[in-house]
Each structure stands twice: as C-alpha cells, then as structure tokens.
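Right, one structure below, let's go through it.
Quantities reported herein were computed from a predicted structural model and do not represent experimental measurements. Atom set for the values below is all heavy atoms of this structure, side chains included, hydrogens, waters and symmetry mates excluded.
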Amino acid sequence: MTLNIKTLTALALFASAAVPFSAHAQGHPSQTQVDGQQAQQPAQVPPQFKADTERAMRYALPADFMPRATSAIGELQARNIQPPNSQGLGLQAMISQAGQVPGFAAVLSSHGFTPESFITGMTTFGMTLAVSNGQVPAGMPSPNPNNVALFKAHPDQVNALMQAMGNPPH
C-alpha cells in the first residue's frame, strides 16, 4: 500500500477524527424526512474535530512546505514506512502515534519536519485544498489567507504534492 491522500490525511485528521471527515469534507449533510420530503440539516461536528480543524485552518504553511512534503512522502514510500491507523483520533493523538512509527520521524527530520509540523501541515494542506474545491460544509473556518495565496502562487507545487499523495489533480 502506498502513502495516498487517504492514508496521509487519516494521519493528519483530514480523513478522520472523532467522526470520519470524508462526509464533512464532501459536504454531505445529514438528511431527515419532513412531510415526505428530504430536508437538509448541517452535519454535526464533534468538539475535538472542530478544535483540530480550527487549529489546522489557522496554521501558516511555510513557503517551502509543498516541495519538502512531496520529497518526504517520496522517501516514506521508498522506505515503505506506513503511518499508523489513526481513525477516530484527535490531531495531537495522531501526532503522538506517528512519532512512534519506526523511521517516520527520522525521514521527516531529514526534510525539515517534526511529526507535528508534518501532520499539521498535511492537515492544513488537505483542508485548504478541500475549501478551495468547495468540499466542506458551511460553518467550517476559513483557511489561512497566506496558505490560499501560496496555493495560487504555486499550483504546480500543489499538483506535485497531490500526485505524491496518490491523488492526481483533476
């Protein structure tokens, strides 16, 4: 199994938190029947997920984040280092768990990351990308404007990181 967007973002909260993020990221609200018609209700966001999301959306990606992350992912894949299953964990628990994976922190360090800066950065990257593509429900925090500007200034780097994660751009 390669490090793909689902694997990395599960590590980084984007794909999972107390409730799987995929439903939130894709903007699938819950539905109920009202007088025989489907009524849309906003999806419930657990408090830990909301706090972690706000943390990630405030985080400012370093200007060189995307090329370094692309290189780090390539090396992790080459060494067959797999992140742990972090389904249902908050961001800090994922960071702690990732730091326990043999070789993970050393590879990240060689690319200028700690487990915390990499996982938080990958979470920020994924969530900023989701917001840019209209894939989050209303009420989610806005991404850091510096990150949006970074994405706009370097679309080639965004695409390269997505490809490294196994999720080619559309």
If you compare all heavy atoms of [X] against all heavy atoms of [Y], which two are closest, and at what distance to 0.1 Å?
| X | Y | answer |
| --- | --- | --- |
| Asp52 | Leu91 | OD2-N, 2.7 Å |
| Ile81 | Pro102 | CG2-O, 4.0 Å |
| His111 | Arg68 | O-NH1, 2.9 Å |
| Gly99 | Pro115 | CA-CG, 4.1 Å |
| Thr120 | Arg55 | OG1-NH2, 3.7 Å |
| Ala72 | Leu108 | CB-CD2, 4.3 Å |

**Inter- and intrachain pairs under ring-ring contact (aromatic ring centres under 6.0 Å, His included), touching residues 58-82, at least two apart** =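 Passing the test, one end in residues 58-82: Phe65-Phe113.
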With a 4.5 Å heavy-atom cut-off, do [X] and [Y] have their side chains touching?
| X | Y | value |
| --- | --- | --- |
| Met66 | Val158 | yes |
| Met165 | Ile73 | yes |
| Phe104 | Arg79 | no |

**Request:** With sequence neighbours excluded, give me every side-chain hydrogen bond (donor to acceptor under 3.5 Å, both in side chains) pair touching residues 138-151.
**Result:**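 Residue pairs with at least one partner in residues 138-151: there are none.
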Nearest 0.5 Å please: distance from the [atom1] atom of [X] over to the [atom2] atom of [Y].
| X | Y | atom1 | atom2 | result |
| --- | --- | --- | --- | --- |
| Leu150 | Thr124 | CG | OG1 | 11.5 Å |
| Gln82 | Gln77 | CD | CD | 8.5 Å |
| Leu89 | Ile95 | CG | CD1 | 11.0 Å |
| Gln157 | Thr70 | CD | OG1 | 7.5 Å |
| Ser96 | Glu116 | OG | CD | 9.0 Å |
| Phe125 | Leu61 | CZ | CG | 8.5 Å |

**Prompt:** Tell me the salt bridge (Lys or Arg N to Asp or Glu O under 4.0 Å) pairs involving residues 152-162, sequence neighbours left out?
**Reply:**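 Every candidate salt bridge (Lys or Arg N to Asp or Glu O under 4.0 Å) pair involving residues 152-162 fails, so no pair, neighbours aside, qualifies.
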